[in-house]
Amino acid sequence: MTHTLPAGVPTRLWLGGKLTDSSTGATFPVEDPATGAVLADVADASADDGLRALDLAVAAQAEWAATAPRVRGEILRTAFDLVHARGDDFARVITLEMGKTVAEARGEVNYGAEFLRWFAEEAVRIGGRTATAPAGSGRILVTKEPVGPVLAITPWNFPLAMATRKIGPALAAGCPILVKPAAETPLTMLLLGQVFADAGLPAGVLSILPATDAAALTGPLLTDARLRKITFTGSTGVGKLLVRQSADRLLRTSMELGGNAPFLVFDDADVDAAVDGAMAAKMRNGGEACTAANRFHVARSVAGEFTDKLTARIAALRTGHGLDDGTDLGPLITARQRATVEALVRDAVERGARVRTGGQIPDGPGTFYPPTVLDEVPADARLLREEIFGPVAAITVFDTEDEAIAAANATEYGLAAYFYTRDLDRAMRVASALKTGMVGVNRGIISDVAAPFGGVKESGFGREGAAEGIEEYLDTKYIAL
Ligand code: NAD
């Protein structure tokens with residue numbers, strides 16, 4: 001199968017809905033991580049381009065906010081249809097620039113498009129409320145208003161879905177939005193820009209600004225009083241930096257940050273179901289997901305069976321180009337990411353972990369890392385504390401429920417957690433004891449457009465999707481009558 005882009009993927013910036021060269025004329029190459037081949041040269045947005053996009057957003061703000069919610073919703077719904085109409089192109093672009101298999105890319109197209117449909121439906125349900133003052137002295141009217149121009153910064157691991165989760169609610173709420181996609185994966189977003197142009201989104205409302213120097217682009221925007229919100233998905237380190245930068249303007253902020261999800265298997269679990277769930281929670285997206293199971297804590301009595309079965313499943317995965325038939329697992333996103341994974345595995349092995357399968361980087365082109373299982377992982381191994389972001393399952397053993405919960409919560413992160421048990425009392429007890437924003441009970445996949453996605457602790461704040469998702473783009477106003 002050829003590994004080339006479909007026709008018609010834009011490579012210039014979308015400035016307020018118009019394709020435009022960078023003000024500096026600069027471009028940068030986007031590579032296929034499976035081969036190292038350059039897929040396209042893309043315009044590199046400058047600080048001036050960012051400010052120009054903000055000018056256009058500010059000019060469009062009042063009219064977009066005043067546009068009938070039904071009309072805003074219908075533009076989103078048309079965009080949803082157009083993403084599906086071009087679903088094969090989107091899947092191909094995602095696979096080529098990000099590396100995941102085309103089947104997984106197809107899944108992301110469905111999931112990512114769903115945020116456009118969901119928020120098309122939410123646009124007409126933005127409510128408010130009334131109350132009577134307790135003293136009977138007046139009426140309290142509560143209304144919702146769009147926060148104003150938004151900056152969205154998105155990661156490379158789900159190039160479509162991490163952005164539609166922000167664009168959908170922003171547009172539904174009546175906010176113009178500037179999107180800075182990750183430099184590794186800008187093409188999916190540039191194709192989405194075409195979708196919105198075709199869907200009839202008015203000028204100024206959406207800009208898409210790929211850039212190699214993210215801080216140079218976003219710094220001036222964050223100090224500009226006209227920008228009213230930043231929504232970020234990415235690493236905790238960059239999230240903290242952006243919160244500090246937003247503090248001077250007291251911007252509304254939503255932070256979807258890193259995770260370190262524990263996956264607990266209790267002694268009463270259905271082990272085969274737990275292995276299925278573990279495959280999904282660990283190997284979805286090649287392990288490059290913020291919700292990926294980062295560490296497995298397994299009850300001693302079932303640890304042998306669970307580890308043997310999981311190892312057999314993981315060892316059978318075939319690595320290759322995501323577009324090629326028979327591939328189960330693509331490359332990691334960059335050589336740097338592979339070096340991080342390799343260093344974490346080496347550290348664990350040096351401290352005494354046992355390699356059950358994988359662990360050796362293959363020869364040849366591309367940034368492949370083999371599917372790997374480690375057991376007997378000692379408590380001081382770095383990969384129990386740090387996000388692995390790769391296809392490596394690290395297994396430890398516990399003896400009591402309290403020990404399992406303590407291990408699960410021994411992290412500064414708090415995004416997702418998973419556990420398997422057939423005991424309903426235990427399920428309720430453990431679900432409430434886990435300090436995370438999301439818990440999967442006897443399930444390895446939890447993302448859903450209708451569920452509020454987000455974390456606690458250093459995994460950030462704010463929620464995406466569901467009814468909560470649009471609130472992040474609305475200010476509450478109280479009118480005394
Ligand atoms: P990253 O933080 O390096 O980059 C994310 C985005 O921030 C990119 O667009 C990047 O260009 C931009 N960026 C980097 N430095 C910046 C700066 N100084 N100023 C402005 N923008 C800057 O993260 P990544 O490696 O692309 O993504 C992986 C991380 O994202 C992981 O930690 C993962 O857990 C997290 N993630 C979280 C969620 C979630 O919803 N919680 C979802 C997906 C990924």
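Predicted, not measured: the structure shown is a model, and the values here were computed from it. In this chain, residues are counted from 1 in sequence order. Atoms within each ligand, like the ligands themselves, are counted from 1 in listed order.
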Practice problem: For atom 1 (P) of ligand 1, state which one of Ala261, Ser235, Gly239 supplies the nearest heavy atom. | Solution: Ser235

Practice problem: Mark up the atoms of ligand 1 that fall under 4.0 Å of a heavy atom belonging to Ala214, in ascending order. | Solution: 11 (O), 13 (N), 16 (C), 20 (C), 21 (N), 22 (C)

Quiz item: Can an N or O of Thr236 be found at a distance shorter than 3.5 Å from an N or O of ligand 1?
Solution: no

Quiz item: Where on Gln337 is there a heavy atom closer than 4.0 Å to ligand 1, on the side chain, on the backbone, on both, or on neither?
Solution: neither

Practice problem: Step by step, work out the side chain to side chain donor-acceptor pair (under 3.5 Å) result for Thr253 and Ser246. | Solution: CA-CA 8 Å; Thr253 44; Ser246 329; 6.0 Å; no

Practice problem: Consider ligand 1: state whether an atom of it lies below 4.0 angstrom from any non-hydrogen atom of Met255. | Solution: no

Quiz item: How long is the gap from CG on Asp44 to CG on Asp21, to the nearest 0.5 Å?
Solution: 12.0 Å

Exercise. Report yes if some N/O of Glu387 lies less than 3.5 Å from some N/O of ligand 1; otherwise report no.
Key: yes

Self-check item: N/O separation below 3.5 Å, Gly234 to ligand 1
Solution: yes

Exercise. Within a distance under 4.0 Å of any heavy atom of Val238, pick out the atoms of ligand 1 and give their elements.
Key: 2 (O), 13 (N), 14 (C), 15 (N), 16 (C), 22 (C)

Practice problem: Quick one: do Glu256 and Arg463 satisfy salt bridge (Lys or Arg N to Asp or Glu O under 4.0 Å)? Show the steps, please. | Solution: CA-CA 8 Å; Glu256 297 287 349; Arg463 291 295 179 268; 5.5 Å; no

Quiz item: Hey, is ligand 1 close enough to Asn157 that some N/O pair sits below 3.5 Å?
Solution: no

Quiz item: For Phe389, is at least one N or O under 3.5 Å away from an N or O on ligand 1?
Solution: no

Practice problem: Below 4.0 angstrom from a heavy atom of Leu241, which ligand 1 atoms are there? Numbered from 1 as shown, please. | Solution: 18 (N)

Exercise. Assign the ring pair Phe115 / Phe119 to parallel, tilted or perpendicular, where the plane angle (0 to 90°) is split at 30° and 60°.
Key: parallel

Quiz item: Does Glu386 approach ligand 1 within less than 4.0 angstrom via side chain, backbone, both or neither, non-hydrogen atoms only?
Solution: neither

Quiz item: Hey, looking at atom 37 (C) of ligand 1, which of Leu257, Leu221, Ile230 has the closest heavy atom?
Solution: Leu257

Exercise. Show your working on side chain to side chain contact (heavy atoms under 4.5 Å, CB included) between Tyr369 and Ile361 and close with a plain yes or no.
Key: CA-CA 6 Å; Tyr369 193 86; Ile361 290 184; 3.8 Å; yes

Practice problem: Enter the distance from Thr396:OG1 to Asp375:CG here, rounded to the nearest 0.5 Å. | Solution: 10.0 Å

Quiz prompt | Protein non-hydrogen atom found under 4.0 Å from atom 11 (O) of ligand 1 | solution = yes

Quiz item: Does Arg338 make a cation-pi contact with Phe368 (under 6.0 Å, within 45 degrees of the axis)?
Solution: no

Quiz item: Closest non-hydrogen protein atom to atom 9 (O) of ligand 1, residue and atom name please, with distance?
Solution: Thr154 O, 2.7 Å

Exercise. Examine distances only and state if a side-chain atom of Lys229 and a backbone atom of Glu472 form a donor-acceptor pair shorter than 3.5 Å.
Key: yes

Quiz prompt | Value rounded to 0.5 Å, distance of CD1 in Ile94 from CH2 in Trp156 | solution = 13.5 Å

Quiz item: Do any nitrogen or oxygen atoms of Thr233 lie less than 3.5 angstrom from nitrogen or oxygen atoms of ligand 1?
Solution: no

Self-check item: Per-residue contact class, Leu415 against ligand 1 - non-hydrogen pairs under 4.0 Å
Solution: side chain

